Each structure stands twice: as C-alpha cells, then as structure tokens.
Asker: 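Structure below; questions to follow.
Counting starts at 1 for both ligands and their atoms, following the listed order. Bear in mind that the values here come from a model prediction, so they are computed numbers and not experimental data. FYI, side chains are in, hydrogens and waters are out, and symmetry mates aren't considered; it's all heavy atoms of this structure.
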Amino acid sequence: MITFEDVVKVYPGGGTAVDHLSMELPTGKMTVLVGPSGCGKTTSLRMINRMIEPTAGRILIDGEDVTAKNEALLRRGIGYVIQHAGLFPHRTVLDNVATVPVLTGSTRRAARAKALELLERVGLPEQFAKRYPAQLSGGQQQRVGVARALAADPPIMLMDEPFSAVDPVVRLQLHDEFLRLQQDLGKTIVMVTHDIDEALKLGDRVAVLREGGHLAQFGTPRDLVTNPADDFVSGFVGRDRGLRGLSFDSAADLPVQAVDGLSLDDAGRPLGWPSDSGLRPTNGTFTKEDSLRTVTDLVISSPVGIAVRVGPDGAADGLVSHHDLADHLASRRS
Ligand SMILES: Nc1ncnc2c1ncn2[C@@H]1O[C@H](COP(=O)(O)OP(=O)(O)OP(=O)(O)O)[C@@H](O)[C@H]1O
C-alpha cells in the first residue's frame, strides 16, 4: 500500500501545489489521479519515487517512509512511464526494453529474451524489435514505454499521462490491452490523467484533485459517479452521470423475452431482423456479463429497438425491448 500522510508541496517562488493530501492507494490495484491542469497530479506522482521531495508530510510504501530508503533502490522497485514514452532515440526497441535489466545485473542474452517476451505481451511482435523509436507510431512507442517499465518487474508503476499522445481510437485499444495486462500482473499502479473517462475506465480507485492541490474525492469509479462529494466532482464527472452509472450495473438480472422474429443460423446465432428489403443487422449482441450501459446502447442503436442477448456459444437466448429496459430501470429506483 502507498500511503500519503498529510503531504504538502510548496514550490519555492510558486504557490501550494499539493495541499495536505492524505490517501491510501491499495497494493495490486490501479489508482488514477485526475483533475484539471495544474492541480498537482504530477507533483503528487513524482513524490512517490522522490523525483520531488514533499515540503511536509510523509509518503509510505508498505509502512516505510520513502525518504528513509536509498533513492536508487527505491526507484529500482518503481517503474516510470511518461507521455511520449521517453524512449532512447538511438537504441533499438529491443535495447530500449533490455537496458534496465542489463544495468541491474541480467546478462545481455537473458535481458533480450525477456524484452522480446514483454514486447509480445504489449502487442508488439518480433519484427518491431530491431526498429528505432522514430520508426514507430505514437501508440507503438507507448507500448514500448510500458514494456520498458515492466522489464525490471517493479511491484509499483507510476504512469504520467501514458496514453495521452495517441489518437482516441488507439487510446481505447491501449486501454483494453492494458487492463488485460494488469489483470495478469496485478501491479500497484498510480496513473495521472486529465481525462475523466480514462480514469473511470481504468481506475480501481480514483483521486479527484482540484486547483491548489486539494483532494476533492477519493473512491471507486462507482462512488464518484453515483455519489459525488460536491459540485466540483459532479461537474468534473460530467452531465451524463446517469448513463455512466449504468456501466457499473450488470445485465445479469435484466429480464428477457423469448427469442421471436429474429432470423437465426443453424446454431441459433442471430443473422438479423427480417424486413421487406432483406435482413437488418442486430448491431451487436450482449451477454449476462455485460453492463446495462451496453444494453441501453444496443437498444438505442438497434434498427428495431430490441437488444439481443446471446449465451456463451453465441446462440440468441433472449430479447430486450425499449419498454423492458425502461421497466427494469424504473424498478431499480423503487
Ligand atoms: N518546478 C516548479 N516550480 C514552481 N512551480 C511548479 C513547479 N512544478 C509545478 N509547479 C506548479 O505546481 C502546480 C502543480 O503542478 P503539477 O505539474 O503537479 O500539476 P498537474 O496537475 O500535473 O498539471 P498538468 O495536468 O497541467 O500536467 C502548478 O500550479 C504548477 O505551475
């Protein structure tokens, strides 16, 4: 666990960047620091690995004050990923990832084998290994940055706007890959972003900071959406809070109607809705594991206003209409 205990940072000649910040970031989870520009996110992040020293207060890792630790040893256990990846431009992708393990005592051969494995894990097959950073897209560079931070196998990773330099489509793809990776690795991650959507999607915990380095709220994404602490947080989380809240509710309890009127293949998988001009697409399907937000989206985008549920084998096993969904949402309120 990383504990912030009444941490203050005042820059010489500047104002208060972080103001009496106290929070506990759980081990093996991802905590996202989010807030408007200048609210102290990066300062808070960099105090964890002592790139910046607090003016007052303490930061503890598993109960031990970071200032009591040897700086080099401390940083060896903390990976650091920054915007634009910060790669060494004159080293190949492979050497970018293998550099730290070599510095910390791995043989060159072992470090390179590990680097190849990590590159594969972040979605970069072997043919990228010999390229130089300038020969990669922004999204590919970010992946190398993540692989490089993972190479030393640090229990903690600090990530400062790691996905902000890539376009929105690639960013969504990187998010999904990152969530899968984190599910396997279970690192303690602290990530900075100013994008609330990114924070709510990736964070197990989210710390919302406001101007002057004040903590406005610390909680799960669901806490922030369903129970914002004040107008600042609700304004920051956005006007579509109701819709966002549906992402946290499972479709498992949603009553469905029998499948009727839908054209199916021999295995019972949906082909489309018959109409005079041929089959109209279902525009996607959902399973019991999906959220009510997904179902709402399907109902809205379906050409017939009906979402199709499928089982694990892909066969259609239920239908949900506008009315069914509205009734279910209304019943949750009572
Ligand atoms: N070295 C410095 N000297 C003086 N003031 C600084 C220094 N670094 C940051 N600040 C100030 O401290 C405050 C917090 O900065 P910080 O970079 O932590 O914010 P941030 O939330 O990460 O911002 P952004 O989203 O724009 O990156 C800002 O007002 C900034 O101007």
Side-chain angles (χ1 to χ4, degrees), residues 2-25 30-61 66-67 71 74-75 78-87 138 141-142 145-146 149 156-168 170-171 174-175 178 188-219 221 224 228-238:
I2 303 174
T3 313
F4 280 69
E5 252 183 28
D6 219 14
V7 174
V8 176
K9 177 66 189 178
V10 181
Y11 285 108
T16 302
V18 176
D19 194 11
H20 296 281
L21 179 61
S22 294
M23 57 185 181
E24 290 186 345
L25 322 186
M30 177 138 175
T31 301
V32 181
L33 312 183
V34 66
S37 184
C39 68
K41 303 180 294 289
T42 296
T43 303
S44 301
L45 188 79
R46 291 186 177 183
M47 286 192 286
I48 298 172
N49 67 355
R50 293 184 60 193
M51 289 168 74
I52 295 173
E53 299 285 352
T55 311
R58 299 195 303 165
I59 295 174
L60 312 167
I61 295 179
V66 292
T67 57
E71 234 170 280
L74 174 76
R75 292 207 187 127
I78 303 181
Y80 188 48
V81 184
I82 54 171
Q83 195 180 354
H84 299 295
L87 302 175
Q141 290 183 26
Q142 289 301 146
V146 171
I156 296 175
M157 297 246 289
L158 308 182
M159 307 177 80
D160 198 346
E161 306 242 12
F163 306 119
S164 62
V166 293
D167 69 68
V170 174
R171 196 179 316 162
L174 285 175
H175 286 164
F178 191 75
T188 304
I189 299 175
V190 192
M191 189 182 100
V192 163
T193 180
H194 56 263
D195 176 351
I196 185 68
D197 289 305
E198 186 165 273
L200 295 175
K201 180 170 176 191
L202 298 183
D204 296 298
R205 298 286 185 284
V206 178
V208 183
L209 295 165
R210 62 198 298 175
E211 203 85 355
H214 300 284
L215 182 63
Q217 189 166 2
F218 184 84
L224 299 188
D230 56 21
D231 289 349
F232 172 78
V233 177
S234 59
F236 199 68
V237 170

Asker: For ligand 1, note which part of Lys41 has a heavy atom under 4.0 Å away: side chain, backbone, both or neither.
Answerer: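 Near ligand 1, Lys41 shows its backbone as well as its side chain.
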Asker: Please state which protein non-hydrogen atom is closest to atom 9 (C) of ligand 1 and give its distance, to 0.1 Å?
Answerer: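 Ranked first by proximity to atom 9 (C) of ligand 1 is Tyr11 CE1, 3.3 Å.
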Asker: What atoms of ligand 1 come within less than 4.0 Å of a heavy atom belonging to Ala17?
Answerer: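 Once the distances to Ala17 are compared, the set is 12 (O), 13 (C), 14 (C).
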Asker: Could you check whether any side-chain N or O of Arg171 sits under 3.5 Å from a backbone N or O of Phe163, counting only pairs where one atom can act as donor and the other as acceptor?
Answerer: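 Pair found, side chain donor or acceptor close to backbone of Phe163.
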Asker: Looking only at distances, can you tell me whether any N or O atom of Pro12, backbone or side chain, sits closer than 3.5 Å to an N or O atom of ligand 1?
Answerer: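 By distance alone, the answer is no.
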Asker: Determine, stepwise, if the pair Thr31 / Met23 fulfils side chain to side chain contact (heavy atoms under 4.5 Å, CB included).
Answerer: CA-CA 11 Å; Thr31 301; Met23 57 185 181; 5.6 Å; no
Asker: Evaluate side chain to side chain contact (heavy atoms under 4.5 Å, CB included) for Met191 paired with Met157, printing each intermediate quantity in order.
Answerer: CA-CA 8 Å; Met191 189 182 100; Met157 297 246 289; over 6 Å; no
Asker: Under 4.0 Å from atom 24 (P) of ligand 1, is there at least one protein heavy atom?
Answerer: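 Yes.
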Asker: For the CG atom of Leu158 and the CE atom of Met51, what is their distance to the nearest 0.5 Å?
Answerer: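 Taking CG in Leu158 and CE in Met51, the distance rounds to 9.0 Å.
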Asker: Is a side-chain N or O of Arg75 found less than 3.5 angstrom from the main chain of Arg50, in a donor-acceptor match?
Answerer: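 Pair found, side chain donor or acceptor close to backbone of Arg50.
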Asker: May I ask you to identify the nearest protein heavy atom to atom 27 (O) of ligand 1, giving residue, atom name and distance to one decimal place in Å?
Answerer: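 For atom 27 (O) of ligand 1, the nearest protein heavy atom comes out as Thr42 OG1, 4.1 Å.
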Asker: For Gly38, is at least one N or O under 3.5 Å away from an N or O on ligand 1?
Answerer: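 In this structure, Gly38 places an N or O atom under 3.5 Å from an N or O of ligand 1.
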Asker: Write out the residue and atom name of the closest protein heavy atom to atom 26 (O) of ligand 1, then the distance separating them to 0.1 Å.
Answerer: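 That would be Ser37 OG, 2.6 Å.
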Asker: Just how far is it from atom CD1 of Ile189 to atom CG of Leu25, taken to the nearest 0.5 Å?
Answerer: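 Answer for the CD1-CG pair, Ile189 versus Leu25, is 12.0 Å.
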Asker: Identify the protein heavy atom lying closest to atom 19 (O) of ligand 1, giving its residue, its atom name and the separation to 0.1 Å.
Answerer: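 Result: Gly40 N, 3.3 Å.
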Asker: Would you mind checking which non-hydrogen protein atom is closest to atom 18 (O) of ligand 1, with the distance to 0.1 Å?
Answerer: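 Ranked first by proximity to atom 18 (O) of ligand 1 is Thr43 OG1, 2.5 Å.
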Asker: Under 4.0 Å from atom 30 (C) of ligand 1, is there at least one protein heavy atom?
Answerer: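 Protein heavy atoms within 4.0 Å of atom 30 (C) of ligand 1 - there are none.
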Asker: One pair to check against side chain to side chain contact (heavy atoms under 4.5 Å, CB included): Thr188 and Ile61. What are the steps and the verdict?
Answerer: CA-CA 11 Å; Thr188 304; Ile61 295 179; over 6 Å; no
Asker: Take Glu5 and Leu60 through the side chain to side chain contact (heavy atoms under 4.5 Å, CB included) test and state the conclusion after the steps.
Answerer: CA-CA 8 Å; Glu5 252 183 28; Leu60 312 167; 3.4 Å; yes
